[in-house]
Amino acid sequence: MKVASWNVNSLKVRLPQLLDWLADRQPDVVCLQETKVEDSVFPHAEIEAAGYAVAFSGQKTYNGVAMLSRHGLADVVCGNPLFPDPQKRLIAATVGDLRIVCAYVPNGQEVGSDKYDYKLAWLEALERWLAEMLAAHPRLIVTGDFNIAPDDRDVHNPKAWEGKILCSTPERAAFQRLLGLGLKDSFRLFEQPEKSFSWWDYRMLGFQKNLGLRIDHLLLSDALTPHCRASTIDREMRKRERPSDHAPVSAVIEG
DNA sequence: ATGGTAGCCGCGCTA
């Protein structure tokens, strides 16, 4: 099972790239963030024609998540029942014997802002929800755009980013509390190249200069980590014309 | 302290 996550930054713009990428990489499950599309106009027919079942929870302009699966989707839940939120940032579903959560964690904008407080409250509620979920579903994957670079290895210039949004101590502590529930960052189960990032600002030639952060993650429950064979970042899509600012990430689970 | 780019909407807001 190859499970992937990609912040597409507008599914309308990126649909042709998504379809290309599905055909090329053949993932079994794909979690999408920042679809920015209302459910009534979600391009489900094109995705189904590519061989995927799809569930989605979107809104106009901002946010929006979706899950694609070549093996069906069961028990779809949109949003965190412990945190009523008009912003469409969470979708969960079961594929075979895996429970999968697709998350678009709030960006937070700036440390100390209202949006930052919302981010921390949102993460606290996510932690409580995942604690319940792990008890019911030991084979759990939590993936998406976390908008948190877990440590300095995940930042192109740790000094410049110290204490800043996506890198602040409270955000990193919230990420560690998620791991403390019994989840592991699949990327760090393996030896990885230095300066591996999943997001690069569109500005200042960020990608060309590799001025990135690793903020997109695949977390695996402790029951799944022994079955993980690989966890990688696919930089190819970021090299395309009119790319998303995020690269897809994926993990391979066997057995 | 600000700007640079992208997407969307509607000429600013969010990332």
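Just so it is clear, the values below take in all heavy atoms, side chains as well, and ignore hydrogens, waters and symmetry mates. Chain naming here is simple, since letters A, B, ... match the order of the sequence lines and numbering starts at 1 in each.
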**Request:** State the CG-CD distance between A:N9 and A:Q33, to the nearest 0.5 angstrom.
**Result:** 11.5 Å
**Request:** Mind checking the CG-CG spacing from A:N80 to A:L90? Nearest 0.5 Å is all I need.
**Result:** 6.0 Å
**Asked** Counting only heavy atoms not in A:K119, do more than 12 fall under 6.0 Å of its NZ?
**Response** yes
**Prompt:** Quick one: does A:E171's side chain have a donor or acceptor within less than 3.5 Å of a partner on A:L166's backbone?
**Reply:** yes
**Prompt:** Quick check: does any side chain N or O of A:R14 sit under 3.5 Å from a backbone N or O of A:R242, one acting as donor and the other as acceptor?
**Reply:** yes
For atom [atom1], what is the distance between [N] and [M], given to the nearest Å?
N: B:dA15; M: B:dC9; atom1: C1'; answer: 15 Å
N: B:dA6; M: B:dT2; atom1: P; answer: 23 Å
N: B:dA1; M: B:dC11; atom1: P; answer: 28 Å

**Complete:** Note: for A:K60 and A:P106 on DNA chain B, the residue whose nearest nucleotide lies more 5' is A:K60
**Closest-nucleotide ordering on DNA chain B, the 5'-leading residue of A:R203 and A:V13** = A:R203
**Item:** Outermost nucleotides of DNA chain B that come under 4.0 Å of a non-hydrogen atom of chain A
**Value:** B:dG3 to B:dA15
**A:D145 and A:W199: side chain donor to acceptor below 3.5 Å** = no
**Asked** Going by distance alone, is a donor N or O of one side chain under 3.5 Å from an acceptor N or O of the other, for A:Q26 and A:R70?
**Response** yes
**Request:** Have a look at A:Y104 and say if it touches a base, only the backbone sugar-phosphate, or nothing, with a 4.0 Å heavy-atom cut-off.
**Result:** sugar-phosphate
**Item:** ring-ring contact (aromatic ring centres under 6.0 Å, His included) against A:F56, all qualifying residues, sequence neighbours excluded
**Value:** A:F42
**Fill in**
Within residues 151-173 of chain A, those residues having any heavy atom closer than 4.0 Å to DNA chain B are none
